[in-house]
Amino acid sequence: QVQLVESGGGSVQTGGSLRLSCAASGYTYSSACMGWFRHAPGKEREGLANIYTGGDRTYYADSVKGRFTISQDYAKRTLYLQMNSLKPEDTAMYYCAADPRVSSWGCPGPAFVSSVRFRYWGQGTQVTVSS
């Protein structure tokens, strides 16, 4: 079955960096839309970035553009989110998501910052940024 396992979260101070990883299994990695989301208490789940695993184009939400970078290691079937210049408002549970039903048409893109676009989700990894 499809499994997405996130890791790399932790506690950092303002201005610090973290790299999140998402190890994927159970589907054809080369043909899926994948994305990173976060969910902070009292807020809606927010789409951050997405990528079509069969290519190298990426899409970022305005809130993280220029600070976060989504990337992948195709051979390791692993998605990454490099987060720099972290702020306290970045504190949240971070999730990766995947949907192998999605073709490269539209992904990556703004439609895929919506969580309803993804079928499979990881368990999340906590990121806490202190001031």
Side-chain angles (χ1 to χ4, degrees):
Q1 70 274 22
V2 174
Q3 280 195 312
L4 301 171
V5 181
E6 301 100 331
S7 61
S11 297
V12 296
Q13 293 189 325
T14 297
S17 298
L18 283 173
R19 188 178 79 156
L20 307 183
S21 300
C22 173
S25 62
Y27 64 95
T28 303
Y29 181 83
S30 61
S31 56
C33 190
M34 295 190 72
W36 284 100
F37 291 77
R38 67 185 177 190
H39 194 187
K43 296 184 179 180
E44 293 187 356
R45 185 170 294 190
E46 179 186 11
L48 305 176
N50 51 75
I51 186 171
Y52 187 73
T53 55
D56 57 8
R57 294 181 300 118
T58 56
Y59 178 84
Y60 296 93
D62 288 342
S63 59
V64 301
K65 196 176 297 182
R67 295 193 301 127
F68 291 9
T69 302
I70 188 172
S71 64
Q72 61 176 336
D73 186 322
Y74 191 91
K76 294 182 178 179
R77 301 173 57 96
T78 299
L79 186 72
Y80 301 102
L81 186 69
Q82 177 67 44
M83 305 186 295
N84 298 328
S85 302
L86 284 163
K87 309 172 184 179
E89 51 265 42
D90 295 317
T91 295
M93 185 72 80
Y94 284 69
Y95 300 88
C96 74
D99 202 322
R101 301 171 301 175
V102 176
S103 71
S104 59
W105 188 87
C107 177
F112 290 89
V113 296
S114 170
S115 61
V116 300
R117 295 282 185 165
F118 290 90
R119 181 173 184 178
Y120 299 105
W121 293 82
Q123 83 288 349
T125 187
Q126 178 68 37
V127 171
T128 302
V129 185
S130 58
S131 56

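If you read the sequence from its start, that first residue is 1, and numbering goes on from there. The model shown is predicted, which means the values in this text are computed figures rather than measured ones.
Arg38 pairs with exactly one of Glu89, Glu46, Glu44 by the salt bridge (charged side-chain N to carboxylate O under 4.0 Å, His left out) rule, that one being Glu46.
Taking OG1 of Thr58 as the start and CZ of Phe68 as the end, the distance is 14.0 Å to the nearest 0.5 Å. Interatomic distance, Tyr59 OH to Ile51 CD1, rounded to the nearest 0.5 Å: 14.5 Å.
Taking the six-membered ring for Trp and thresholds of 30 and 60 degrees, Phe37 and Phe118 have ring planes more than 60 degrees apart, a perpendicular arrangement.
Formation of a donor-acceptor pair under 3.5 Å by the Ser114 side chain with backbone atoms of Ala111 is not found in this model. Of the possible polar contacts, none joining the Gln123 side chain to the Val5 backbone as a donor-acceptor pair under 3.5 Å is found. Side chain of Thr28 to backbone of Ser30: no donor-acceptor contact under 3.5 angstrom is found. Remark: side-chain polar atoms of Asp99 are paired, donor with acceptor, to backbone N or O of Arg119 under 3.5 angstrom. Listed for the Arg67 side chain is a donor-acceptor partner under 3.5 Å among the backbone atoms of Ser85.
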- Report the C-alpha distance between Gln82 and Ile70 in whole Å, list the side-chain angles of each, state the deciding distance to 0.1 Å, and finish with yes or no for side-chain contact (heavy atoms from CB on, under 4.5 Å). CA-CA 6 Å; Gln82 177 67 44; Ile70 188 172; over 6 Å; no
- Task: Would you please test Asn84 and Ser17 for side chain to side chain donor-acceptor pair (under 3.5 Å) and show each step?
- Result: CA-CA 4 Å; Asn84 298 328; Ser17 298; 2.9 Å; yes
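A cation-pi contact, defined as under 6.0 Å to the ring centre and within 45° of the axis, links Arg117 to Phe112. Figure legend: cation-pi geometry between Arg57 and Tyr52 absent, as NZ or CZ is not positioned both under 6.0 Å from the six-membered ring centre and within 45° of its axis. For the pair Arg77 and Tyr27, the cation sits on the ring face: its NZ or CZ lies under 6.0 Å from the ring centre, inside 45° of the axis.
Heavy-atom minimum distance, Met34 versus Ala98: CG-CB, 3.8 Å. When every heavy atom of Gly47 is checked against every heavy atom of Ala61, the shortest pair comes out as O-CB, 3.4 Å. Considering all non-hydrogen atoms of both residues, Gln72 and Thr53 come closest at NE2-O, 3.2 Å.
A salt bridge is defined here as a Lys NZ or Arg NE, NH1 or NH2 lying under 4.0 Å from an Asp or Glu carboxylate O, and Lys87 with Asp90 fails to meet this definition.
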